[in-house]
Amino acid sequence: LFLNKKDLFREKLAKYAFKIVSGPEARNVTYEGPECITDKDPPYSTLGDDEEFEACYDGACTYLQEIYCDQQRDLDVARTAEIYCHLTNSTSSENIRFIMTSCT
């Protein structure tokens, strides 16, 4: 499973709520991990040096991965196949090279 555009996801997560529990924009209602404060001042650093943001990012990524893994468990294929998840940024040659090497 390739979850691409991790750089854009980081930017969006710092600005917009990951979990909305009601209304027409409701999403990720079962998420129970740490949540970013969308109007934080100063804003979060998305460069990997903000511990609070990294906890939110890691929690959201784990949640998204679990959605796919939970779906697989409900299928017969779960007995014969395993999902390997990779967060990617396809504009990073080094990242893609590392991922492709680990998939072979």
Side-chain angles (χ1 to χ4, degrees):
L1 171 64
F2 292 95
L3 298 175
N4 195 23
K5 306 270 187 204
K6 69 180 183 179
D7 53 333
L8 296 178
F9 182 60
R10 292 176 76 81
E11 290 175 21
K12 299 286 185 187
L13 189 61
K15 296 178 184 175
Y16 303 101
F18 182 69
K19 177 181 179 177
I20 299 177
V21 294
S22 62
E25 295 183 19
R27 62 178 176 260
N28 305 318
V29 296
T30 60
Y31 176 67
E32 296 179 359
E35 296 183 57
C36 290
I37 301 165
T38 55
D39 57 353
K40 186 175 181 290
D41 189 29
Y44 291 109
S45 168
T46 59
L47 303 175
D49 57 354
D50 187 324
E51 211 171 287
E52 186 179 351
F53 176 76
E54 292 306 311
C56 296
Y57 175 74
D58 291 343
C61 289
T62 298
Y63 175 77
L64 294 172
Q65 292 173 37
E66 287 174 354
I67 289 173
Y68 285 95
C69 290
D70 288 347
Q71 290 177 355
Q72 185 209 24
R73 284 186 203 103
D74 295 338
L75 302 173
D76 287 336
V77 72
R79 295 184 196 114
T80 59
E82 189 170 343
I83 292 179
Y84 296 95
C85 187
H86 301 279
L87 302 171
T88 63
N89 178 359
S90 62
T91 59
S92 168
S93 299
E94 182 179 324
N95 178 250
I96 295 302
R97 189 175 303 111
F98 173 78
I99 302 255
M100 292 303 164
T101 301
S102 68
C103 291
T104 56

Asks: Quick one: pull up OG1 in T62 and CG in D58 and give me the separation to the nearest 0.5 Å.
Replies: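 So the OG1 of T62 and the CG of D58 are separated by 6.5 Å.
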Asks: Going from CG on N89 to CG on N4, what distance comes out if it is rounded to the nearest 0.5 angstrom?
Replies: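 One gets 7.0 Å once the value is rounded to the nearest 0.5 Å.
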Asks: Which value, rounded to the nearest 0.5 Å, describes the distance between C36 atom SG and K12 atom NZ?
Replies: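 Answer for the SG-NZ pair, C36 versus K12, is 14.5 Å.
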Asks: Could you label the plane-to-plane angle of the Y57 and F9 rings as parallel, tilted or perpendicular, counting under 30° as parallel and over 60° as perpendicular?
Replies: tilted
Asks: Restricting to non-hydrogen atoms, name the atom on A14 and the atom on T46 that form the minimum distance, rounded to 0.1 Å.
Replies: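 Looks like CB-CG2, 3.8 Å.
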Asks: As an exercise, state the distance from SG of C56 to CG of L13, rounded to the nearest 0.5 Å.
Replies: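 Answer rounded to 0.5 Å: 6.5 Å.
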Asks: Just wondering, do L87 and C61 contact through their side chains at under 4.5 Å, heavy atoms?
Replies: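 C61 vs L87: side chains touch.
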Asks: Taking Y44 for the side chain and E54 for the main chain, is one N or O donor matched with an acceptor at less than 3.5 Å?
Replies: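 Not confirmed, Y44 side chain does not pair with E54 backbone.
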Asks: Let me check something: do I20 and Y16 share a hydrophobic cluster, defined by ILVMFWY side-chain heavy atoms less than 4.5 Å apart, either directly or through other members?
Replies: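 Each belongs to a different hydrophobic cluster.
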Asks: Answer yes or no: does atom NZ of K15 have more than 12 heavy-atom neighbours from other residues, nucleotides or ligands under 6.0 Å?
Replies: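 Incorrect, the count does not exceed 12.
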Asks: Under 4.5 Å between side-chain heavy atoms, hopping through other hydrophobics if needed: is there a path connecting L64 to V21?
Replies: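 Not linked; separate clusters.
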